[in-house]
Structures are given as structure tokens and as C-alpha cells.
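For reference, positions follow the sequence shown, starting with 1.
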Amino acid sequence: MATRKASCCCGQLSIEVDGEPRGVGVCHCLACQQRTGSVFAALAGFSAPFRVSGKATEYVRTGDQGAQFRFRFCPVCGSTVFHTEEGVEGGVSVAVGAFADPNFPPPEASVYDSRRHSWVQLPADVAAFAKDPD
């Protein structure tokens, strides 16, 4: 089983996950745009176990449908590395960019596509949802 490591820009905060991602997606919601400072967030979901090294600052955000997400980012360089959903055990979502791997699997889904910037083009086979389908 492959092990992947993702880390912040300065390397102080990292996470190791095992196996292939359960899914890879992009989110165009306005909160993800603000959180990343980009026009979308790219995330990969992994099953537990996962191992975290370093110290993280946490921020809990409530989504449009009431779910709460605990984001962990580096207090030194500010990079968002991963997040979990409150009350949901057994998984973690990791920022794809934190893997620093240009060969990382592409997204399969696009959520909040209704808020996608018109100039962002996704591969034709990506499933697009106007909002979060959950």
C-alpha cells in the first residue's frame, strides 16, 4: 500500500495517508475561495488511519447544509493542509496542492459548480454539481 505525505509550505505541519484517495474533487464555494485565496479548493479524501506531525492552528466552519468542518493549517506559513468533518470518524480530506505532486490523480467531481469562475475549465469527464450533493 502506497503512503503519501502532504505538508505545508515551510514543512512544519504534515500528514501521511495510506492507499489511494477515496475521491478527488474541487469545490468552488465562496468559503473555499476565501480560505484558499484561489478560485477553488482541490481536495482528496482518504480513509483512516492517518498520521499528523507538527502543530496546527484550527478553524471550524459551518457549511451551507449545517455540517461543521475543522480545517488545520500551519501557524508559521499559513498553508491549509487538511480538514475533517465534525462527528464523522474514519476519514480526512487533504489539500491536493499540499502533496506537491503534479502526477496526483485528477478530480472526479466539482461541487458548487454554480459558483465556478467562468474561465475555469475542467476535464469533460468531471461530474459537476450546482451545489454540494450530500
Side-chain angles (χ1 to χ4, degrees):
M1 180 180 321
T3 298
R4 297 177 193 260
K5 183 176 182 179
S7 68
C8 65
C9 189
C10 74
Q12 187 277 136
L13 177 62
S14 65
I15 184 170
E16 285 189 354
V17 292
D18 298 317
E20 293 302 312
R22 294 189 302 198
V24 180
V26 292
C27 180
H28 306 275
C29 79
L30 300 179
C32 279
Q33 290 182 34
Q34 288 179 310
R35 179 179 59 79
T36 63
S38 184
V39 295
F40 60 84
L43 305 163
F46 289 89
S47 297
F50 53 89
R51 295 155 304 283
V52 176
S53 298
K55 294 185 182 191
T57 297
E58 299 181 353
Y59 171 72
V60 177
R61 181 180 70 78
T62 302
D64 289 354
Q65 297 178 20
Q68 292 189 313
F69 301 94
R70 184 173 298 272
F71 292 91
R72 275 71 163 214
F73 57 96
C74 176
V76 176
C77 68
S79 302
T80 297
V81 180
F82 66 97
H83 75 273
T84 53
E85 185 175 343
E86 297 289 280
V88 177
E89 301 295 322
V92 64
S93 293
V94 182
V96 170
F99 289 104
D101 177 3
N103 295 311
F104 199 87
E108 302 150 350
S110 173
V111 297
Y112 284 98
D113 209 64
S114 60
R115 297 180 184 161
R116 178 172 46 92
H117 289 237
S118 63
W119 50 266
V120 172
Q121 301 299 311
L122 298 173
D125 61 344
V126 172
F129 302 92
K131 293 190 175 185
D132 188 345
D134 289 340

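- Here the closest non-hydrogen pair linking G25 and P107 is CA-CB, 4.1 Å.
- Of all heavy-atom pairs between D113 and L122, the closest is OD1-CD1, 4.0 Å.
- Note that CD1 of I15 and CZ of R4 are 13.0 Å apart. Values are rounded to the nearest 0.5 Å.
- More than 12 non-hydrogen atoms from other residues, nucleotides or ligands lie less than 6.0 angstrom from CD of E86.
- For the pair D18 and R51, the salt-bridge criterion is met [side-chain N within less than 4.0 Å of a carboxylate O].
- The cluster map of Ile, Leu, Val, Met, Phe, Trp and Tyr, joined by side-chain heavy atoms under 4.5 Å apart, puts V111 and V26 in different clusters.
- A donor-acceptor distance shorter than 3.5 angstrom exists from the side chain of Q65 to the backbone of D132, with no hydrogens or angles considered.
- Panel note: side chain E20, backbone P105; no donor-acceptor pair is recorded below 3.5 Å.
- Nearest heavy atoms, P21 versus A44: CB-CB, 4.2 Å.
- No donor-acceptor pair closer than 3.5 Å links the side chain of T36 to the backbone N or O of A41.
- A tilted orientation is assigned to the rings of F99 and F46, their planes being inclined by 30° to 60°.
- For the pair D101 and V96, the minimum side-chain heavy-atom distance is 4.5 Å or more.
- Residue F40 is not grouped with residue F73 when hydrophobic side chains (ILVMFWY) are merged at heavy-atom distances under 4.5 angstrom, including chains of intermediate members.
- Atom CZ of F129 and atom SG of C27 lie 12.5 Å apart (nearest 0.5 Å).
- One hydrophobic cluster holds both V24 and F82 under the rule that ILVMFWY side chains link at heavy-atom gaps under 4.5 Å.
- Although no hydrogens or angles enter the test, the distance criterion places a donor-acceptor pair under 3.5 Å between the side chain of R72 and the main chain of R70.
- Formation of a donor-acceptor pair under 3.5 Å by the S110 side chain with backbone atoms of A128 is not found in this model.
- Of all heavy-atom pairs between S114 and A130, the closest is OG-O, 2.8 Å.
- A distance of 5.0 Å separates CZ in R61 from SG in C29, rounded to the nearest 0.5 Å.
- Connection of L43 to V17 is not established within any shared hydrophobic cluster, with ILVMFWY side chains joined at heavy-atom distances below 4.5 Å, either directly or through further cluster members.
- Hydrophobic clustering, with ILVMFWY side chains joined whenever heavy atoms are under 4.5 angstrom apart, groups V126 together with V39.
- Ring geometry for F69 against F71 counts as tilted: the plane angle lies between 30° and 60°, on a 0 to 90° scale.
- Proximity of T80 to R35: side-chain heavy atoms (C-beta onward) are separated by under 4.5 Å at one or more points.
- Summarising the geometry, atom NZ belonging to K55 is positioned 11.5 Å from atom SG belonging to C74; distances are rounded to the nearest 0.5 Å.
- Nearest approach of A56 to L13, heavy atoms of both residues: CB-CD2, 3.8 Å.
- With rounding to the nearest 0.5 Å, the separation of CZ in R22 from OG in S93 is 7.0 Å.
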